[in-house]
Structure formats: C-alpha cells, structure tokens
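These notes are about the structure you will find just below.
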Amino acid sequence: MPTPLSLEIVPVTAFGQNCSILWNPGTRHAVVVDPGGDVPRITAFITEKDLSVDAIWLTHGHLDHAGGADALRRELSTRQGAPVPVIGPDRADDALLSSITRQAALFGLNGLENVTPDRFVKHGEMLEALGHRFEVRHVPGHTPGHVIFHDPESRFAFVGDTLFRGGVGRTDFPYGDHDQLIEAIRRELLPLGDDVTILPGHGPATTIGAERKGNPFLN
Ligand SMILES: [Zn+2]
C-alpha cells in the first residue's frame with residue numbers, strides 16, 4: 001500500500017468552495033485541487049506545513065474552483081524556483097477558464113483570474129502524484145469538461161460539483177445538462193464502490209454508498 005495521504009480543506013471564495021491541499025506526510029510533497037481564490041490563505045497553509053507543491057489540479061472551469069489557479073501557479077513557481085503546472089480539466093471547459101473574470105464580474109467578485117492550464121486531461125488517464133495513482137474520469141453535465149480525480153487504492157475521489165451529500169451539481173447554465181449529469185454520475189461515480197469517500201466542491205464529504213442509497217436525485 002502507498003503512504004496514506006493527508007488532506008486539508010481550505011474554504012475559498014464567497015461560495016465556500018472546498019479547495020483541497022493533499023500531501024504525502026513522508027515526502028511533504030503536495031497537490032492543490034481547485035484553488036478558486038483566497039490564494040494567501042492557501043499559501044499560508046503551505047508555508048505552515050512546509051510543503052512543496054508538485055501540481056495544481058482543476059475539476060472544472062467555474063470561477064470558485066479555478067479563479068485562483070493562475071495566481072497560485074505564479075506564486076508557487078516563484079517560491080519553489082521551478083514551474084508548478086496547472087493540470088485539467090477536460091479541454092471542453094476551456095471557454096469557461098477563459099471567461100472567469102467575466103463570471104466574477106457578474107457576481108461582483110474581485111481578484112479572480114482567467115487561467116490557461118499547462119495541460120488538459122482526458123478521460124481514463126492516470127495522474128501519478130505523491131506516490132499514488134489518480135484516475136481521471138469525465139463527468140459532464142454541470143460543465144462540459146468536468147472531471148473527477150479518483151485514487152482507487154485510498155478509496156477516495158475529488159468529485160467537484162458532480163455529486164454532493166443529498167444533491168447533485170446545478171445545471172441551470174446555458175451549457176448545463178441535468179440528464180447528462182445524472183447519466184454520467186451513474187456511469188462514472190457509482191461503480192467506484194460504496195465504500196469510496198467522495199469530497200465534493202461544496203459541503204461535507206460523503207460516500208458513494210450513502211448517495212447511491214439516499215440521494216433523491218439518484219432514486
Ligand atoms: Zn461548478
């Protein structure tokens with residue numbers, strides 16, 4: 001078994017989005033998932049724990065998930081003296097990533113920035129990080145290019161705004177598709193296994209089993 005990883009959730013932006021800092025306590029290397037904003041709070045935690053960040057991962061292109069990614073990349077790349085790549089989501093969210101400042105203006109939020117990832121990810125690819133292997137799964141519907149990051153050995157997945165405790169991601173956007181989201185959750189999330197813990201972008205962690213049995217959107 002690989003070394004169990006440590007996880008800290010830093011709520012960011014007015015939407016209280018769960019930015020996650022995942023690290024290997026043995027090597028102190030880390031990955032930051034969905035730094036939507038409030039970058040000083042994220043970097044303060046990284047400094048406090050003396051972590052070296054290997055990559056920034058994005059589940060999708062919404063402002064509260066990706067609006068701090070460019071600033072965090074700049075800050076960490078300078079501090080660490082080497083480029084820290086932004087990886088993901090699927091290319092289908094490129095238009096959203098390029099319109100974060102416009103999304104932010106609609107909500108009256110300042111300081112969020114567009115971001116161009118160093119590379120997009122594809123369904124089925126494996127990301128090697130922190131001594132673990134994370135599987136990328138494409139779960140469209142909330143946004144066209146939404147992905148999740150699944151660590152099968154740890155029985156854990158970052159699921160962004162696909163499946164929540166008792167809910168699913170909103171789809172009342174021009175590019176949203178509720179039926180597609182439910183279908184993708186059934187195809188890509190439920191088969192991960194009832195014992196898999198999932199951390200959504202908002203609210204508490206839950207398990208696949210709890211949602212398969214009790215989530216009103218899946219019954
Ligand atoms: Zn979202």
Side-chain angles (χ1 to χ4, degrees), residues 9-22 31-39 41-42 56-73 86-117 120-121 123 134 136-150 157-189 198-206 211 215 217-218:
I9 298 168
V10 181
V12 295
T13 79
F15 300 97
Q17 201 275 121
N18 293 329
C19 171
S20 297
I21 300 164
L22 185 70
V31 164
V32 179
V33 182
D34 285 354
D38 296 316
V39 169
R41 276 158 63 191
I42 301 168
I56 298 164
W57 292 353
L58 301 180
T59 60
H60 66 294
H62 277 156
L63 73 170
D64 53 330
H65 293 256
D70 198 54
L72 184 63
R73 173 171 58 188
V86 173
I87 297 174
D90 181 276
R91 187 179 291 280
D93 269 11
D94 198 13
L96 282 170
L97 295 168
S98 308
S99 66
I100 287 173
T101 52
R102 206 163 61 221
Q103 299 172 45
L106 293 174
F107 290 105
L109 300 176
N110 294 317
L112 305 184
E113 298 174 70
N114 297 346
V115 59
T116 302
F120 292 101
V121 292
H123 178 80
F134 294 80
V136 173
R137 291 189 176 215
H138 184 208
V139 186
H142 174 72
T143 66
H146 198 304
V147 298
I148 66 157
F149 302 108
H150 169 227
F158 294 102
V159 300
D161 292 351
T162 57
L163 184 59
F164 300 108
R165 188 161 89 180
V168 296
R170 53 187 286 199
T171 51
D172 56 334
F173 310 107
Y175 47 80
D177 186 329
H178 181 77
D179 292 345
Q180 183 188 45
L181 175 62
I182 299 298
E183 192 184 312
I185 289 170
R186 292 190 183 285
R187 186 179 63 239
E188 305 299 342
L189 265 66
I198 58 171
L199 180 66
H202 304 268
T206 179
E211 299 316 306
N215 191 308
F217 293 91
L218 301 176

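Start at 1 and go down the list; that is how both ligands and their atoms are numbered. Along the sequence shown, the residues carry numbers beginning at 1. The figures here come from the full heavy-atom set of this structure, side chains too, leaving out hydrogens, waters and symmetry mates.
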### Message
Between H146 and the Zn ion (ligand 1), is there a contact where an N/O/S atom of the residue lies under 2.8 Å from the metal?
### Response
no

### Task
Please find out if the Zn ion (ligand 1) and some N, O or S atom of D64 are separated by less than 2.8 Å.
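Checking D64: none of its N, O or S atoms is under 2.8 Å.
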
### Query
With no hydrogens and no angle check, is any side-chain donor or acceptor of E211 less than 3.5 Å from a backbone partner on G166?
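A pair under 3.5 Å: yes.
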
#### Entry: Angle subtended at the Zn ion (ligand 1) by OD2 of D161 and NE2 of H60, nearest 10°
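For OD2 of D161 and NE2 of H60, the angle centred on the Zn ion (ligand 1) reads 100°.
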
### Query
What about the rings of F173 and H62, do their centers lie closer together than 6.0 Å?
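Yes - the distance between ring centres of F173 and H62 falls below the 6.0 Å cut-off.
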
### Summary
The residue among D161, L163, T171, T143 that forms side-chain contact (heavy atoms from CB on, under 4.5 Å) with L181 is T171

### Message
Do F134 and V31 have side chains that approach each other closer than 4.5 Å (heavy atoms only, starting at C-beta)?
### Response
no

### Query
What N, O or S atom of H62 is found closest to the Zn ion (ligand 1)?
ND1

